[in-house]
A.B. asks: 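Sending over a structure as structure tokens; questions will come in a sec.
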Amino acid sequence: MTETCYKSFIGGRYLANGGGETLAVVNPGTGEAIYRIEIADESVLEAAVNAAQAGFKVWSAMPAAKRGRILLKAVALLRERNDDLARIEVLDTGKPWQEASSVDITTGADSIEFFAGLAASLEGNQQDLGGDFYYTRREPLGICAGIGAWNYPLQIACWKAAPALACGNTMIFKPSEETPLGALKLAEIFIEAGMPPGVFNVVLGAAEVGAWLTHDTRIAKVSFTGEVATGKKVMAAAATTLKDVTMELGGKSPLIIFADSDLDEAVSAALVANFYTQGEVCTNGTRVFVERPLYDAFLGRAKARTEANITVGNPMDPATNLGALISKTHYALVLDYIEKGKSEGARLVSGGHALAPKGVEGGFYVAPTIFADCTDDMIITQEEIFGPVMAVLPFDGEDEVIARANNTRYGLAAGVYTKDIRRAHRVVHQLEAGICWINAYGASPAEMPVGGFKQSGIGRENGVETLKHYTQIKAVYVGMQPIESPF
Ligand code: NAD
């Protein structure tokens with residue numbers, strides 16, 4: 001193990017904690033510890049709030065166009081350092097280099113670019129009241145806490161920072177303790193781009209550090225990405241000080257494939273929706289409903305393409321297109337779900353076991369797995385597995401599949417494949433999901449708002465819509481004549 005130990009990044013510099021308590025970060029691709037982080041203690045957290053308060057004074061008073069220009073400089077630096085940052089993401093998460101080098105950094109940069117452009121567009125309105133009038137101002141909230149998951153560490157940090165900072169807020173971001181380095185690099189880049197110290201701070205640590213942020217009275221909002229169960233705790237804690245919340249939580253999303261679909265396109269969508277980032281994507285379409293006339297052909301093609309085209313191996317190898325799961329614990333959990341699928345009577349079509357690719361035997365690899373003949377009540381069709389496990393279910397009609405697709409506490413995403421344009425829209429309009437794709441799956445451009453219905457979330461990220469979640473309206477009444485008084 002190397003001696004490198006990263007500290008929290010507060011007020012534009014790295015800050016040591018008082019007690020020296022640390023945590024190891026493991027490369028999931030090899031199973032080896034690669035560096036350590038210092039856990040933020042009370043003194044670091046106090047410093048973070050003080051820095052964010054000082055940063056807010058400067059940042060919120062700055063002309064919005066100037067904030068936008070600084071954010072755009074950060075975008076340029078992110079793009080320039082794409083490969084260095086992608087390497088960090090691969091080593092921290094175990095995802096394939098193929099993905100990280102082409103998607104993770106660019107989609108983070110895209111979001112900052114989008115909100116940088118919108119920064120100067122924030123405006124209020126004015127209404128005449130017959131002499132008197134009122135106007136509104138869209139003002140920042142103050143200090144926003146961002147709490148991230150481990151699957152898209154740098155992208156999540158960018159997606160939270162972008163709207164928050166464009167609107168004039170400051171942020172204290174806590175990355176997942178399993179993947180903390182990307183957020184620290186983003187903090188360095190913001191400073192290099194000319195952002196005042198204290199505008200974007202990173203505190204390191206696990207649940208206790210996150211919980212501290214959710215309770216602090218000086219923090220105005222919490223934007224959280226993670227599991228539903230954690231989201232409930234975060235929201236309950238935020239309620240103690242009536243903080244605004246954005247919740248980006250888990251899902252068990254349906255992908256509905258009608259019999260008139262192009263078979264290969266539908267199979268492509270199902271493979272992307274289940275095996276991209278080794279299945280660790282919140283919007284994954286893990287319940288694949290296939291209309292009966294296409295069912296056998298779909299399974300045959302999905303199996304053949306999975307077994308011929310998926311290369312599991314060292315995530316840094318450019319040929320690898322399915323990497324390692326985030327941790328040994330998560331790997332054991334995913335394998336346990338696979339065993340449950342087998343014992344519940346789902347038919348195993350492909351995979352269904354762990355893998356130990358040559359040269360990286362210590363990593364946490366699971367074969368891409370396809371189960372057929374799944375039923376709605378099975379554990380593998382009800383719970384979010386967050387691994388490369390596809391559950392395929394046959395269906396016979398439109399109304400039936402809509403009811404079954406909606407029969408879940410989640411409502412993050414959904415996909416529909418069909419050549420019938422009217423049916424596509426008719427079905428999508430009845431699906432209880434915040435993000436829907438028609439003849440597509442997974443794309444999430446910065447322009448498009450994303451977030452969940454039901455227990456998959458509250459609020460949105462990306463899209464113009466998100467500006468509302470990082471600002472508050474101030475109404476100002478202006479009296480143009482002497483005030484009437486009964487006293
Ligand atoms: P998690 O809920 O275990 O942890 C998320 C973050 O919360 C981590 O930083 C963790 O340290 C912190 N945390 C834990 N307990 C806390 C507490 N009591 N108070 C405050 N913070 C606390 O989630 P994870 O395992 O890191 O991520 C996987 C989950 O994230 C999946 O469910 C996935 O669907 C979801 N996810 C959702 C989206 C989305 O946009 N909807 C995106 C990515 C991931």
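Everything quoted here is computed from the prediction, not taken from an experiment. Numbering of ligands and ligand atoms starts at 1, following listing order.
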A.B. asks: Nearest protein heavy-atom contact for atom 21 (N) of ligand 1: which residue, which atom, what distance?
C.D. replies: Gly210 CA, 3.6 Å
A.B. asks: Side chain, backbone, both or neither: which part of Ala206 has a heavy atom under 4.0 Å from ligand 1?
C.D. replies: backbone
A.B. asks: Looking at ligand 1, does any of its N/O atoms fall within less than 3.5 Å of an N/O of Glu461?
C.D. replies: no
A.B. asks: Which residue supplies the protein heavy atom nearest to atom 41 (N) of ligand 1, what is that atom called, and how far is it?
C.D. replies: Leu249 O, 2.8 Å
A.B. asks: In terms of side-chain geometry, is the basic nitrogen of Asp110 or Arg79 positioned less than 4.0 Å from the acidic oxygen of its partner?
C.D. replies: yes
A.B. asks: Got an N/O contact under 3.5 Å between Thr214 and ligand 1?
C.D. replies: no
A.B. asks: Considering only non-hydrogen protein atoms, determine which one is nearest to atom 12 (C) of ligand 1 and report residue, atom name and distance to 0.1 Å.
C.D. replies: Ile147 CG2, 3.7 Å
A.B. asks: Where is the nearest protein heavy atom to atom 16 (C) of ligand 1: which residue, which atom, and how far?
C.D. replies: Thr230 CG2, 3.4 Å
A.B. asks: For the CD1 atom of Ile147 and the OG1 atom of Thr246, what is their distance to the nearest 0.5 Å?
C.D. replies: 12.0 Å
A.B. asks: Between Lys252 and Glu383, is there a side-chain N and carboxylate O pair less than 4.0 Å apart?
C.D. replies: no
A.B. asks: Check ligand 1 against Glu177 and write out every atom of the ligand that is under 4.0 Å from a heavy-atom position of the residue.
C.D. replies: 10 (C), 11 (O)
A.B. asks: Provide the number and element of each atom of ligand 1 under 4.0 Å from a heavy atom of Leu412.
C.D. replies: 41 (N)
A.B. asks: Does the residue Ser176 have a heavy-atom contact with ligand 1, meaning some pair of atoms that are separated by less than 4.0 Å?
C.D. replies: yes
A.B. asks: Could you list which atoms of ligand 1 come closer than 4.0 Å to a heavy atom of Asn151?
C.D. replies: 43 (C), 44 (C)
A.B. asks: Below 30° counts as parallel, above 60° as perpendicular, anything between as tilted: where do the rings of Tyr6 and Tyr14 land?
C.D. replies: tilted
A.B. asks: Can you sort out the partners of Tyr441 under ring pair (Phe, Tyr, Trp, His ring centres under 6.0 Å), two or more places apart, ordered by chain and number?
C.D. replies: Trp437
A.B. asks: Is there a protein heavy atom less than 4.0 Å away from atom 9 (O) of ligand 1?
C.D. replies: yes
A.B. asks: So which protein heavy atom does atom 17 (C) of ligand 1 come closest to, and at what separation?
C.D. replies: Ala207 O, 3.9 Å
A.B. asks: Provide the closest heavy-atom pair for Thr22 versus Glu38 in the form atom of the first, atom of the second, distance.
C.D. replies: CG2-CG, 4.0 Å
A.B. asks: Among all protein non-hydrogen atoms, which one is nearest to atom 7 (O) of ligand 1, and what is the separation to 0.1 Å?
C.D. replies: Phe224 CE1, 3.2 Å
A.B. asks: Non-hydrogen atoms of Tyr152 versus ligand 1: any pair closer than 4.0 Å?
C.D. replies: no
A.B. asks: Any atoms of ligand 1 less than 4.0 Å from a non-hydrogen atom of Ala211? List them with their elements.
C.D. replies: 19 (N), 20 (C)
A.B. asks: If you measure from the Lys or Arg side-chain nitrogens to the Asp or Glu carboxylate oxygens, is any gap between Glu192 and Lys185 under 4.0 Å?
C.D. replies: no
A.B. asks: So, Thr375 and Asp377: side-chain donor and acceptor under 3.5 Å apart, yes or no?
C.D. replies: yes
A.B. asks: Quick check: Ser456 and ligand 1, any N/O pair under 3.5 Å apart?
C.D. replies: no
A.B. asks: Give me the residue, atom name and distance of the protein heavy atom closest to atom 36 (N) of ligand 1.
C.D. replies: Cys282 CB, 3.5 Å
A.B. asks: Does Phe224 have any ring pair (Phe, Tyr, Trp, His ring centres under 6.0 Å) partners at least two apart in sequence or in another chain, and if so, which?
C.D. replies: none
A.B. asks: Could Lys328 and Tyr331 be counted as a cation-pi pair, given that NZ or CZ must be under 6.0 Å from the ring centre and within 45° of the axis?
C.D. replies: no
A.B. asks: At under 4.0 Å between heavy atoms, is it the side chain or the backbone of Glu384 that contacts ligand 1, or both, or neither?
C.D. replies: side chain
A.B. asks: Nearest protein heavy atom to atom 18 (N) of ligand 1, by residue and atom, and its distance?
C.D. replies: Lys233 CD, 4.0 Å
A.B. asks: Compute both the distance and the angle, then confirm whether Lys95 meets the cation-pi test with Tyr152: under 6.0 Å from the six-membered ring centre, within 45 degrees of the axis.
C.D. replies: yes
A.B. asks: Salt-bridged, Asp336 to Lys340, with N to O below 4.0 Å?
C.D. replies: yes
A.B. asks: Any idea how Phe200 and Phe173 line up, ring-wise: parallel (<30°), tilted (30 to 60°), or perpendicular (>60°)?
C.D. replies: parallel
A.B. asks: Show which atoms of ligand 1 fall inside a sub-4.0 Å distance from at least one heavy-atom site of Gly250.
C.D. replies: 32 (O), 34 (O)
A.B. asks: Go through ligand 1 atom by atom and flag the ones less than 4.0 Å from a non-hydrogen atom of Gly148.
C.D. replies: 5 (C), 6 (C), 8 (C), 9 (O)
A.B. asks: Given that the side chain starts at C-beta and the backbone is N, CA, C, O, which of these parts of Val234 lies under 4.0 Å from ligand 1, counting heavy atoms, or is it both or neither?
C.D. replies: side chain
A.B. asks: Quick one: CD1 on Ile219 to CD on Gln53, what's the gap to the nearest 0.5 Å?
C.D. replies: 9.5 Å
